[in-house]
Amino acid sequence: MIVLKSSDGETFEIEEAVALQSQTIAHMVEDDCVENGIPLANVTGEILAKIIEYCKKHVEGGGGSEEELKIWDKEFIENIDQSTLFNLILAANYLNIKTLLDLTCQRVADMIS
Amino acid sequence: MLPVRTTKRVFSGAGDFTLGKKRRRCVSPATETKPGPDLLDSIPDDLVVSILCRLASTARCPADFINVLMTCKRLSGLATNTLVLSRLSQKAIAVKAQNWSDSAHRFLKRCVDAGSLEACYTLGMIRFYCLQNRGNGASLMAKAAISSHAPALYSLAVIQFNGSGGSKNDKDLRAGVALCARAAFLGHVDALRELGHCLQDGYGVPQNVTEGRRFLVQANARELAAVLSSGISSRSWLTLSQPQITNSNQIHGHGCPLLSDFGCNVPAPETHPANRFLADWFAVRGGDCPGDGLRLCSHAGCGRPETRKHEFRRCSVCGVVNYCSRACQALDWKLRHKMDCSPVEQNDVGDGEGNVQIDGNVNGDNVLVPMS
């Protein structure tokens with residue numbers, strides 16, 4: 001179990017498989033610096049919660065078929081307001097979660113057009 | 001980034017393509033508000049570029065993309081990044097012939113320089129057929145074709161088959177077939193049809209009727225698959241059409257009707273913006289501007305003009321319509337000409353270049369022709 005600490009002091013405990021979707025965290029785990037939890041200074045608690053929700057759904061081979069996952073993604077991304085969306089982009093970039101980044105950027109592109 | 005058009009007209013270079021056609025607005029249902037002014041500022045440039053890349057590749061009309069260019073200096077600068085321009089989708093480059101202007105031309109040129117294949121193809125077609133700049137147009141299309149752009153390969157094949165831009169002796173059938181084959185292997189429906197007919201007739205390749213038929217069937221199948229996958233809900237048009245029997249009026253004597261008759265009655269495929277441009281261009285300029293007696297391909301979705309007299313071949317039955325390629329003939333027959341075609345007493349077949357007549361089909365009795 002890995003502990004993540006957001007910038008405003010909230011802690012989240014999640015399974016390693018869920019956390020490893022973030023390349024940044026994966027590298028930290030490899031370099032073995034996770035004993036006291038991982039501080040994420042750029043990410044607030046609210047955003048981190050959303051990210052964890054996304055990652056839990058997308059854990060390898062879980063969550064159902066491709067179609068269901070797509071539907072879930074669509075709902076996920078359509079139910080958030082703009083500032084959360086942009087913060088998610090920045091956080092996904094920082095944490096290096098490619099799929100989330102693609103999802104959010106595509107959403108913004110669709111909003112612009 | 002709500003566009004503040006009153007103050008933002010003045011940016012270096014980018015101001016050029018705000019003129020002309022780019023003013024056109026798409027009617028996009030504004031169900032969401034655009035991102036607020038400070039939100040995009042918080043995102044670093046490279047992320048904005050990646051957002052704009054996605055926007056470019058999913059834009060449904062040019063205005064979607066051009067709006068960004070007109071929003072603010074930062075976005076305009078980032079949007080003209082080569083990465084973004086090279087990903088512009090086919091629909092985003094869909095210039096309208098009425099709105100053609102120097103700035104549109106320059107914009108396309110910028111996209112070409114950024115490496116966009118669609119822009120290379122579109123600009124190549126425009127330069128070759130409309131602006132009469134044959135060499136340049138062909139080389140642009142070749143640029144796209146080298147990178148395996150199927151429509152570009154097919155267009156070059158048509159040019160080779162007809163010897164467009166040169167004399168009758170510039171026809172290079174084998175090169176045409178080679179190009180057609182490459183386009184066909186990429187799945188281009190018109191190229192598949194063209195190749196099928198070439199094989200059936202031994203035109204530019206050794207004759208091989210079974211292979212030819214195989215390609216024609218594949219073309220029908222792909223066309224149907226494309227239509228189905230685009231999710232048209234009402235299937236009332238989806239009926240199998242019975243082929244009309246041919247009668248003795250066949251010059252080549254290949255007894256089978258155009259295989260498109262055996263397909264399903266699919267609606268017309270969506271035309272490429274470049275073809276629409278050509279069709280509009282010549283319509284706007286009144287009939288065929290290309291010159292005296294030069295005709296247009298009678299297939300409305302094609303729009304190609306002749307580049308010399310009697311370049312295109314005509315329907316052998318009625319002699320009224322003419323086509324740039326067999327694929328256009330097949331498609332037009334299915335969509336429209338079948339209803340209008342009626343045999344005319346052909347006394348005088350010769351017309352200068354001794355054209356090979358493409359066979360049409362004749363309405364006969366409604367007898368089922370067994371598939372051979």
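Bear in mind the structure is a predicted one, so any value in this text is a computation, not a measurement. In what follows, chains carry the letters A, B, and so on, assigned in the order in which the sequence lines appear, proteins first and then strands, with residues in each chain numbered from 1. The analysis underlying the following values was restricted to heavy atoms, covering all of them including side chains, and did not include hydrogens, waters or symmetry mates.
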Report task. Locate the shortest heavy-atom distance separating B/S42 from A/L90; write the atom from each residue and the value. Result -> O-CD2, 3.7 Å
Report summary line: Residue pairs meeting side chain to side chain donor-acceptor pair (under 3.5 Å), one or both in residues 89-99 of chain A, sequence neighbours left out, come to A/Y54-A/T99, A/K98-A/D102
Query raised in the report: Does A/E46 CD have over 12 foreign heavy atoms under 6.0 Å away?
Result: no
**Report entry** Given B/V48, B/I51, B/L52, B/L55, the one that forms side chain to side chain contact (heavy atoms under 4.5 Å, CB included) with A/V108
**Finding:** B/I51
Query raised in the report: Taking atom OG1 of A/T104 and atom CZ of B/R54, what is their separation to the nearest 0.5 Å?
Result: 8.0 Å
Report task. Give a yes or no on whether A/E67 atom CD has more than 12 heavy-atom contacts from other residues, nucleotides or ligands under 6.0 Å away. Result -> no
Query raised in the report: Hey, is CD on A/E10 packed in by over 12 heavy atoms from elsewhere, all under 6.0 Å?
Result: yes
**Report entry** Atom pair OG (B/S57) and CD (A/Q106), whose distance is rounded to the nearest 0.5 Å
**Finding:** 7.0 Å
Query raised in the report: Of all residues at least two apart in sequence or in a different chain, which pass the side chain to side chain contact (heavy atoms under 4.5 Å, CB included) check with A/S7?
Result: A/T44
Requested in this report: Decide yes or no for A/L101 and B/L47: does some side-chain heavy atom of the first lie under 4.5 Å from some side-chain heavy atom of the second?
Outcome: yes
